[in-house]
Amino acid sequence: MKVLIRDTNDPLSLISADRTGGINVIDLANRYSCSFIATQDLGKVYQDGSFEILGRFDQSDIRGCNLLVQ
């Protein structure tokens, strides 16, 4: 998995480490296809490769497996 951070105002522009932006996830284990997810989550990637999820974009849909549990 590789996590990239995109500019919140320009979804085609990536931003540098330690800045907050939208989270993109690339599944590097998919050998014969490109699995890519552009989430509505906000986060940061740090110089050491770790990342942090800070929240969601305003007005984004609530999603996730936990919504199936009553």
Side-chain angles (χ1 to χ4, degrees):
M1 170 178 80
K2 180 166 180 79
V3 176
L4 303 170
I5 303 297
R6 70 181 182 277
D7 188 322
T8 56
N9 296 315
D10 181 6
L12 299 178
S13 295
L14 298 178
I15 59 176
S16 59
D18 297 324
R19 292 187 52 209
T20 301
I23 296 177
N24 291 348
V25 181
I26 301 171
D27 182 358
L28 300 173
N30 271 335
R31 187 171 175 185
Y32 299 110
S33 67
C34 179
S35 180
F36 176 85
I37 300 169
T39 72
Q40 292 295 309
D41 298 309
L42 292 170
K44 291 182 182 181
V45 170
Y46 297 102
Q47 294 292 337
D48 65 359
S50 65
F51 67 95
E52 178 180 15
I53 298 189
L54 302 171
R56 302 273 293 160
F57 279 93
D58 288 340
Q59 309 300 321
S60 63
D61 292 335
I62 298 172
R63 302 184 59 123
C65 299
N66 60 346
L67 295 176
L68 300 175
V69 178
Q70 294 289 332

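Residue indices begin at 1 and follow the sequence shown.
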With rounding to the nearest 0.5 Å, note down the distance linking CZ in Phe36 to CG in Asn24.
3.5 Å
Ser50: partners by side chain to side chain donor-acceptor pair (under 3.5 Å), with sequence neighbours left out:
Asp48
Approximate separation, where rounding is to 0.5 Å, of Asp27 CG and Ser33 OG:
7.5 Å
Under the rule for side chain to side chain contact (heavy atoms under 4.5 Å, CB included), what residues qualify as partners of Ile23, not counting sequence neighbours?
Val3, Ile5, Val25, Thr39, Asp41, Ile53
Remaining members of hydrophobic cluster (4.5 Å side-chain criterion), Tyr32:
none
Going by side chain to side chain contact (heavy atoms under 4.5 Å, CB included), name the residues that satisfy it together with Leu54, two or more places apart in sequence or in a different chain.
Thr20, Lys44, Glu52
If the condition is side chain to side chain donor-acceptor pair (under 3.5 Å), which residues does Asp10 pass it with, not counting sequence neighbours?
Ser13
Would you please name every residue forming a side chain to side chain contact (heavy atoms under 4.5 Å, CB included) with Ala17, sequence neighbours left out?
Gln47
With a 4.5 Å limit on heavy-atom distance, are the side chains of Ile26 and Leu4 in contact?
yes
Going from CZ on Phe51 to CE on Met1, what distance comes out if it is rounded to the nearest 0.5 angstrom?
4.0 Å
Search all heavy atoms of Arg56 against all heavy atoms of Leu42 and return the closest pair with its distance.
O-CD1, 3.7 Å
About how many Å separate CG of Asp18 and OH of Tyr46, when rounded to the nearest 0.5 Å?
7.0 Å
